[in-house]
Protein chains: 2
Amino acid sequence: MGVVTPQKAAFDAPLRLRSGATLPGFELAYETYGTLNATRSNAVLVCHALNASHHVAGAYADQPDEVGWWDNLVGPGKPLDTERFFVIGVNNLGGCHGSTGPMSINPATGRPWGGDFPVVTVEDWVDSQALLADRLGVECFAAVMGGSLGAMQALHWALAYPTRIRHALVIASTPRLSAQNIAFNEVARQAITTDPDFHGGHYYDRGVVPMRGLRIARMIGHITYLSDEAMMTKFGRLLRRGVPGFDFDIDFEVESYLRYQGDKFSSYFDANTYLRITKALDYFDPAAEFGGDLSAALARAQAAFLVVSFKSDWRFAPARSREIVRALLDNRRILSYVELDAPGGHDAFLMDDPRYHGALRAYFDNIER
Amino acid sequence: MGVVTPQKAAFDAPLRLRSGATLPGFELAYETYGTLNATRSNAVLVCHALNASHHVAGAYADQPDEVGWWDNLVGPGKPLDTERFFVIGVNNLGGCHGSTGPMSINPATGRPWGGDFPVVTVEDWVDSQALLADRLGVECFAAVMGGSLGAMQALHWALAYPTRIRHALVIASTPRLSAQNIAFNEVARQAITTDPDFHGGHYYDRGVVPMRGLRIARMIGHITYLSDEAMMTKFGRLLRRGVPGFDFDIDFEVESYLRYQGDKFSSYFDANTYLRITKALDYFDPAAEFGGDLSAALARAQAAFLVVSFKSDWRFAPARSREIVRALLDNRRILSYVELDAPGGHDAFLMDDPRYHGALRAYFDNIER
């Protein structure tokens, strides 16, 4: 993709959120790749999941090693080909990578929002993305795509703006979190909010960060991103020191991996954002207002769908994706479903398995521009 | 079972541990139910898992509501019938229910062991249990049984003392933890050891307890004890306040459950014990010294085995139990294997499913005394 430059769009009009709160104007950080064609028919929105951002592909001039999180998929000649499509990545509201979020200044107080930043939802994100699309002159997306929480946004796009999206790519997703999914999120949240450095979310001006809690939250997350099998293949029971230490230093390789991931994440990610993103996951449930009837909920959708799941994904297992597929079939929507026997667990959606990328490439090749 | 009374046995001889450390004498808290017969052939040792103790059945005179953790199984007329068997429950070394552990006084310093208490293993526990058996006049157990970590002890009994155990009941177990199993334990440990109140395990004389960490550890544990399905049946996506709160109070019922379990556990269990018990789980791997060959490792066993697994148990799934079964078959051991389609997840071993208890009752009925 080469060198890319992040941009910002400011919106002055207040945004009414699903919680009932109103955000008094906001900024969105975003990036674009490729060129919007004359008929404005080749735009693809890539929605991010938990810890990612608007930086989908390429690298910044001053940070050549920090390539975008889906760089293996998005770029010239790649499955989502930026020589054909105009691709947009956007950091979600409440994020910590440039869009308005808990670290931003609350105009009412002149200090960071911190714990007072409202809880935002998938619906709020999609609404703000639609405003960005207006700004960029995109009336109708060729496609909106995402994996995991990003896929929830793609799905909601098809429901909230049925005439503004022609294809929804819903990868490694679920129509709603299970009690176990929520439970993992809740433990992560409890680790953060009970960290003595959390201060009810108002830690910025105290010069501390609830790093311990965020570190634990990330470690829990990583367990759910990999499958038991993938972890066994990757780490086995390998002892870092060759023999058991009979102490609480690192014994097994998997411990080293988790500590490293936790340390890294807690050094750059914002705990208030993490809390809000897990809430957005928990709340997403398009069928709820239809008495749990997903088919009724998806009746509004007009887009064609590609649904992809991975057999080793126990977080959002194929059975969850099949619920979406079944509801779309009930509505006679145009639909492709790919269930891949990839070993990567939930994280498989970020990996470049040739069957997976082949399926995405074939799908995009068939999208009219 | 009625009223029971805990007892203590003191051992003056130093105990050499697998870590290389030596414990200078120790005490074991234990309980017995029923009567040892004249030929001393009816003794059954019940080994406990993570958070349980020697209090297997019955209740104490001054705590009539605190019934033993396996009271549904052990008692007069129950599957493990105390009118026929002499049953022993023992709190493991390193525990926090009366046996010598981190809260005990270190004779070398006159202060609690705390973080200096050695890491103990399944092998150490079995060795100390054998000393207790000597003290109680039990040369050979009719059976040693346990679920989960307790089952690892039953399995190791058959390997370390093959002539002192006639039957091993290995329930909801595994021949060794997977990388994912270890990962969950490691996050729990990290939550405890990074709690500012942990102080390297020397928190007793500071008047604090690493409650936050222990609470998170327990919450993580509970997720692995229940199946996704069992959680969904039990809690679903039920909102405690009827509507989303858009805050970080309790939204979903499962959050309430986890917080309650975490609060309760952290108010009575010792963090240093928790750390050591998870290490004992991680280290257990009888096949390790046989190059990973479990069949070779189990060749020493002479006992007959009952192996039980539960389909909804994703922590120690039936496939793990089948590894033990296969290795026993390779050695032409006498073996019964029961795989139950019970919904309770890993915790199913504590529940009184009639098929499960029926199988245990039938097995015990066939044990000669």
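A note on names: the letters A, B, ... follow the listed sequences, proteins ahead of strands, and every chain is numbered from 1.
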Which residue out of R215(A), Q190(A), R176(A) racks up the most heavy-atom pairs below 4.5 Å with chain B? Q190(A)
Residues at least two apart in sequence or cross-chain that pass side-chain hydrogen bond (donor to acceptor under 3.5 Å, both in side chains) with R212(B), listed by chain then number, are D195(B), D197(B)
Taking everything shown except E229(A) itself, do over 12 heavy atoms lie less than 6.0 Å from its CD? no
Chain A contact residues among residues 217-224 of chain B, heavy-atom distance under 4.5 Å: M219(B), I220(B), I223(B)
Okay, T233(A) and chain B: the region with an atom under 4.5 Å from a heavy atom over there is neither
Taking every non-hydrogen atom, the tightest pair across M231(B) and Q180(A): SD-CA, 3.5 Å
Chain B interface, residue from L238(A), I250(A), D247(A) that has the most non-hydrogen pairs under 4.5 Å: D247(A)
Contacting region of R259(A) [heavy-atom separation from chain B under 4.5 Å]: side chain
Can you give me the closest heavy-atom contact between A179(A) and G236(B), atom names plus distance? CB-O, 3.5 Å
Would you say the side chain of E186(A) lies within less than 4.5 Å of the side chain of F252(B), judging by non-hydrogen atoms? no
Tell me, for F184(A) versus chain B, whether the close heavy atoms (under 4.5 Å) come from the side chain, the backbone, both or neither. both
Atom CG in D285(A), atom CG in L239(B): separation rounded to 0.5 Å? 9.0 Å
Chain B interface, residue from I216(A), N185(A), N181(A), V120(A) that has the most non-hydrogen pairs under 4.5 Å: I216(A)
Could you check whether any side-chain heavy atom of F246(B) comes within less than 4.5 Å of a side-chain heavy atom of T121(A), counting everything from C-beta outward? yes
Just give me the residue among A191(B), G213(B), S227(B), P196(B) that pairs up with chain A most often, heavy atom to heavy atom, under 4.5 Å. P196(B)
Please check if the side chain of R237(A) supplies one atom and the backbone of L177(B) the other of a donor-acceptor pair under 3.5 Å. yes
What are the residues of residues 274-284 of chain A, in order of number, with any heavy atom under 4.5 angstrom from a heavy atom of chain B? L275(A), R276(A), K279(A), D282(A), Y283(A), F284(A)
For the residue pair V187(B) and L258(A), establish whether any side-chain heavy-atom pair is separated by less than 4.5 Å. yes
Counting heavy-atom pairs under 4.5 Å with chain B, the top scorer among D251(A), L226(A), T193(A), D228(A) is D228(A)
Can you tell me how far apart CG (N272(A)) and CZ (F248(B)) are? Round to the nearest 0.5 Å. 7.5 Å
Heavy atoms of other groups near Y260(B) OH, more than 12 under 6.0 Å: no
Look at V254(B), I182(B), L17(B) and state which one has the largest set of heavy-atom pairs under 4.5 Å with chain A. I182(B)
Suppose we screen for side-chain hydrogen bond (donor to acceptor under 3.5 Å, both in side chains). Which residues come up paired with N106(B), at least two apart in sequence or across chains? none
